[in-house]
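Note sheet for the following structure.
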Amino acid sequence: MLDFSIYTINGDHKFSINEENDFTIIVYSNLISIFSEIDYEKHIINFCCQQKMDNCIREKINSWGLAYESANIQIRKIKKYFDEISDGEFFFVFPTSNFSLLDVISIFENLRALNEGKSQEEIDKQIANVKKEYYALFADVFNNYNIQICDIKKKYTYGEPVKEKRCCRYCKKTMADGVTFKNIAHAISEGLGNKTIISAEECDNCNSKFAETIEKDIIEYLKLYRTLYGKKGKNGVPHLKYKNGIELKHDGKKANFLDIAGNCHFSEGNFSIPLKFSSPINFMNIYRALVKFVIGVIPVEYIQYYSRTIEWLNNIKNDGSKINLPPVTTLLNNQTFYDQPELCIYMQKKENKELPFIYAEFKSTFFIFVYIIPFSDKDIIDFSIKENFDKFWQFNKHYSTKEGWVFNNFNLDKDIVVTMNLNFSKATD
């Protein structure tokens with residue numbers, strides 16, 4: 001696999017060429033050569049990670065793009081990433097995409113300092129402080145957990161590649177039992193923007209069932225925020241109609257609220273809009289969907305500890321019954337929008353009975369969800385009890401660096417009608 005990463009002050013972009021042949025190796029080598037210097041005395045090529053955009057680099061990228069973009073649509077995307085870098089702006093390129101979280105933090109700190117004109121001494125001191133703070137926050141987490149990050153920037157299929165050998169993680173059936181694996185099963189709902197994270201071990205029956213039940217609820221809950229920012233899901237940008245006559249449409253430039261007569265008069269000054277959802281939402285199903293995303297991608301050896309969890313995923317009662325579940329913690333941050341969902345999974349590498357065996361962070365639209373995967377055979381502590389959950393929360397020191405966390409009890413298995421009040425205020429200079 002041929003990997004390449006671009007880091008700018010606006011974010012990171014990673015891509016991979018999965019098929020290595022004479023053509024792809026030439027394309028990759030010519031891209032690498034743009035950022036390399038040849039040491040003719042030692043007969044070696046030195047790749048230069050730190051770069052500063054200028055006309056010379058831009059012309060080389062343009063020539064490379066023109067030479068190969070007709071053969072591969074991905075080339076146009078890569079060229080677009082470079083086009084968005086301003087003249088004189090520092091950026092980093094790497095012939096790899098395998099970085100730890102600390103590496104990524106250090107890269108962005110370095111970039112910010114370089115573009116602010118700081119000296120190397122100031123940069124080194126700043127990064128040293130960042131690392132010190134990082135270890136103070138995350139040392140306990142790293143000592144106790146392995147971390148799996150589902151990278152949305154490249155397509156990856158989790159599970160058994162050979163269909164005849166697959167066993168569905170949710171119903172335990174194989175092709176010999178009559179199930180099929182013909183359809184692409186998105187491990188995270190495609191309606192939330194996921195195109196790349198695929199679960200091989202989800203049969204067509206379970207895929208269809210979950211799409212019509214638990215995944216429908218989380219998509220319904222979050223699609224308001226996708227429309228506000230004009231972000232596409234499976235069927236484009238949602239056009240939303242609410243029971244109290246309000247419509248929300250995005251015209252390609254901005255979101256517009258329309259009243260029952262089709263007039264747009266909510267856009268000036270401060271205003272408040274009550275939105276009565278057209279479809280009821282089962283909040284326990286939102287928890288189920290979040291858990292289902294994790295079950296679809298964790299290593300298969302962990303599945304044996306989650307038979308009761310999978311039973312809970314399948315046993316949707318919607319009858320008003322209650323189950324004691326750990327809180328689903330959410331943070332709504334309107335400063336950051338996650339166009340595509342991100343999933344980070346923490347799996348115990350040491351047997352610490354005071355901590356959950358697996359928990360996860362899921363990011364979508366403006367939301368960050370933190371949640372424990374319930375009913376694990378490895379968990380002997382009930383994390384639905386406040387005292388136990390509080391210990392888990394305090395263990396993750398990095399969560400306390402952000403304010404505004406809400407601790408939700410998604411314990412009721414029932415559809416409820418949701419009315420959300422949105423308050424808007426006119427931006428001030």
Side-chain angles (χ1 to χ4, degrees), residues 1-18 20 22-131 151-154 253 335-340:
M1 183 180 292
L2 306 174
D3 289 341
F4 194 84
S5 303
I6 309 164
Y7 284 82
T8 74
I9 54 176
N10 294 319
D12 64 299
H13 306 285
K14 303 174 185 177
F15 71 92
S16 300
I17 300 175
N18 296 319
E20 294 187 36
D22 291 344
F23 174 74
T24 58
I25 290 173
I26 289 172
V27 173
Y28 184 79
S29 299
N30 286 343
L31 177 60
I32 294 295
S33 68
I34 296 172
F35 307 103
S36 302
E37 296 176 352
I38 301 175
D39 188 329
Y40 292 98
E41 291 185 1
K42 296 182 180 179
H43 304 288
I44 59 175
I45 298 175
N46 297 313
F47 186 83
C48 305
C49 297
Q50 180 180 312
Q51 299 287 332
K52 187 177 183 180
M53 182 57 74
D54 57 23
N55 287 334
C56 181
I57 294 176
R58 204 175 293 283
E59 288 175 3
K60 289 179 179 179
I61 291 294
N62 287 338
S63 297
W64 174 82
L66 288 172
Y68 302 114
E69 65 181 2
S70 62
N72 190 328
I73 192 171
Q74 194 175 25
I75 304 299
R76 293 196 289 274
K77 291 182 180 179
I78 298 165
K79 183 177 175 298
K80 180 176 178 290
Y81 299 149
F82 285 107
D83 288 344
E84 292 173 349
I85 302 174
S86 303
D87 289 339
E89 179 184 326
F90 285 96
F91 63 99
F92 284 102
V93 288
F94 301 97
T96 181
S97 60
N98 186 23
F99 294 102
S100 69
L101 182 57
L102 181 57
D103 290 333
V104 173
I105 292 173
S106 298
I107 290 169
F108 279 118
E109 285 295 326
N110 208 328
L111 269 179
R112 184 162 58 248
L114 282 169
N115 283 292
E116 289 174 355
K118 294 186 177 180
S119 67
Q120 190 60 50
E121 182 180 355
E122 290 175 308
I123 293 171
D124 292 342
K125 184 177 180 180
Q126 185 169 325
I127 291 177
N129 289 333
V130 168
K131 288 182 176 180
D151 188 352
I152 59 172
K153 294 182 177 64
K154 58 183 178 182
K253 295 181 179 180
Q335 301 301 314
T336 303
F337 187 90
Y338 300 97
D339 184 11
Q340 294 177 298

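Model, not experiment: these values are computed from the prediction.
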Close side-chain approach of L114 to K118, heavy-atom, < 4.5 Å: no

Beyond-backbone contact of K80 with E84, side-chain heavy atoms, under 4.5 angstrom: yes

Basic-acidic side-chain contact under 4.0 Å: R58, D54: no

Sidechain N-carboxylate O distance under 4.0 Å for K125, E121: no

Rounded distance [0.5 Å steps], OG in S63 versus CD1 in I34: 8.0 Å

Side-chain donor or acceptor of Y28 paired with backbone N/O of F23 under 3.5 Å: no

Donor-acceptor pair, side chain of N115 and main chain of E89, under 3.5 angstrom: no

D22, CG atom: more than 12 neighbouring heavy atoms under 6.0 Å: no

Gap separating the CD1 atom of I85 from the CD1 atom of I6, nearest 0.5 angstrom: 6.5 Å

NZ/NE/NH1/NH2 to OD/OE distance under 4.0 Å, E109 and R112: yes

Shortest non-hydrogen contact between N30 and W64, atoms and distance: CB-CD1, 3.9 Å

Separation of F91 CZ from Q51 CD (nearest 0.5 Å): 5.0 Å

D83 side chain near N62 side chain, heavy-atom distance below 4.5 Å: yes

Between CD1 on residue I105 and NZ on residue K131, distance to nearest 0.5 Å: 11.0 Å

Side chains of Q50 and F92 in contact at under 4.5 Å (non-hydrogen atoms): yes

T96 backbone acceptor or donor facing S5 side chain under 3.5 Å: yes

Pairwise side-chain contact, M53 with S86, heavy-atom cut-off 4.5 Å (strictly under): no

Working for side chain to side chain contact (heavy atoms under 4.5 Å, CB included), residues I26 and Y68: CA-CA 10 Å; I26 289 172; Y68 302 114; 3.6 Å; yes

Sub-4.5 Å side-chain heavy-atom contact between F94 and D3: no

Heavy-atom check, side chain of F35 versus side chain of F47, under 4.5 Å: yes

Min side-chain heavy-atom separation I61-I78 under 4.5 Å: no

Test item: E59 side-chain N/O and C56 main-chain N/O as donor-acceptor pair under 3.5 Å: no

Plane angle bin for Y7 and F108 - parallel if under 30°, tilted between 30 and 60°, otherwise perpendicular: perpendicular

